[in-house]
Structures are given as C-alpha cells and as structure tokens.
Amino acid sequence: MYNVEKECEKLIQNIRLLCQMKSLSNNALARRAGISPSATSDLLSGKTKPQFYTLLQLCNALEVTIDELFGLNSINEEYSELDGDDSGGQISKSFVGLNAEERSLLLLYNHLSVAKKEMLRIYMDMLIEYKEM
C-alpha cells in the first residue's frame, strides 16, 4: 500500500524540481496552471493535498505528463537506459545517490529529442577532450 504522506512529499519535490528546471516561480506556475497563487503556495508547502484536476492543470503548466509529474515511466526508463540497466523501468541504485542538480540535468535530458541528445553527446565528448589552461 501507499504511504500517502510520503508520496505527496515526493510529488511536491517533483513539482519543485520541474519549476526549477523551467525557471518558474510559484506565481508563474499558478498563472500557467490557472490556479490561485495561494493554492500553489499551500500545495508546495504541504499545507494542502492536490486534487486530480489540479494535478492535470499543473502537468499542462509544466508541459509534462502525469507520469513525469509523479516521476514514473519515461523518466525511470531513461535512467535505466543511461545505466545500461534492464530492470524494466525501475529507478536504478545509481540514480538514488544523485544530488538535486544531477537529477535536474537528467530530467532535462529526458525532454530532449533524439537529435538533440546526439548533439549533446558530441558536445560532451568535446568537453572531455578539451584541455583547460
């Protein structure tokens, strides 16, 4: 069974992370989602629990699927692919140890097209080869 409080905390963490990635303030998120700034503040502070309709509004505002908002499916599959893990989409042990910035980068990577991912790989190879003075 679910530990509802813990799951809500994870959801709030995911929303905060997505806002950070998209450089959205609480007020900007509220405007995009069509909800009041106080409702957004209460949700992100844990004062209130979100209704399903509100979650869908937040998904639209953050341009993510409900699975991504909850940290499921494509994000987990992406992490598994990065680790060469074939655990069927479960978050790998190496992901669990990442700090917030590293998780944020992986989430951003997840939203890139295949072509942009390839360009990023090439750029990263170039950075590795670059000799700093």
* **Shortest non-hydrogen contact from Leu29 toward Ala61** => CD1-CB, 3.9 Å

* Asked: Taking atom CG of Asn27 and atom OG1 of Thr40, what is their separation to the nearest 0.5 Å?
  -> 8.0 Å

* **Sidechain N-carboxylate O distance under 4.0 Å for Glu118, Arg121** => yes

* To do: Is it possible for you to say whether Leu127 and Leu105 belong to one hydrophobic cluster, with membership spreading through side-chain heavy-atom contacts below 4.5 Å?
  => no

* Gap between atom CD1 of Ile122 and atom CE of Met126 - 0.5 Å precision -> 9.0 Å

* **Non-hydrogen atoms of Leu44 and Ile12 that approach each other most closely** => O-CG2, 3.4 Å

* **Distance (rounded to the nearest 0.5 Å) between Lys47 NZ and Ser41 OG** => 7.0 Å

* Same apolar cluster (I L V M F W Y, side chains within < 4.5 Å links), Met119/Val114 -> no

* Structure fact -> side chain to side chain contact (heavy atoms under 4.5 Å, CB included) test vs Leu58 passes for just one of Leu11, Asn14, Leu43, namely Leu43

* Decide yes or no for Cys59 and Thr65: does some side-chain heavy atom of the first lie under 4.5 Å from some side-chain heavy atom of the second? => no

* Structure fact -> CG (Leu18) and CG (Leu108) are apart, to the nearest 0.5 Å, by 9.0 Å

* Asked: About how many Å separate CE of Met21 and SG of Cys19, when rounded to the nearest 0.5 Å?
  -> 10.0 Å

* Asked: Mind checking whether Gln57 and Tyr53 have side chains closer than 4.5 Å, heavy atoms only?
  -> yes

* Connected via hydrophobic side-chain network under 4.5 Å: Ile66 and Tyr2 -> no

* **Interatomic spacing from CD in Gln20 to CD1 in Ile15 - rounded to 0.5 Å** => 14.0 Å

* Asked: Is it true that Glu5 and Lys49 have a side-chain N and a carboxylate O under 4.0 angstrom from each other?
  -> yes

* Please determine which of Leu55, Thr54, Thr48 meets the side chain to side chain contact (heavy atoms under 4.5 Å, CB included) test together with Gln51. => Thr54

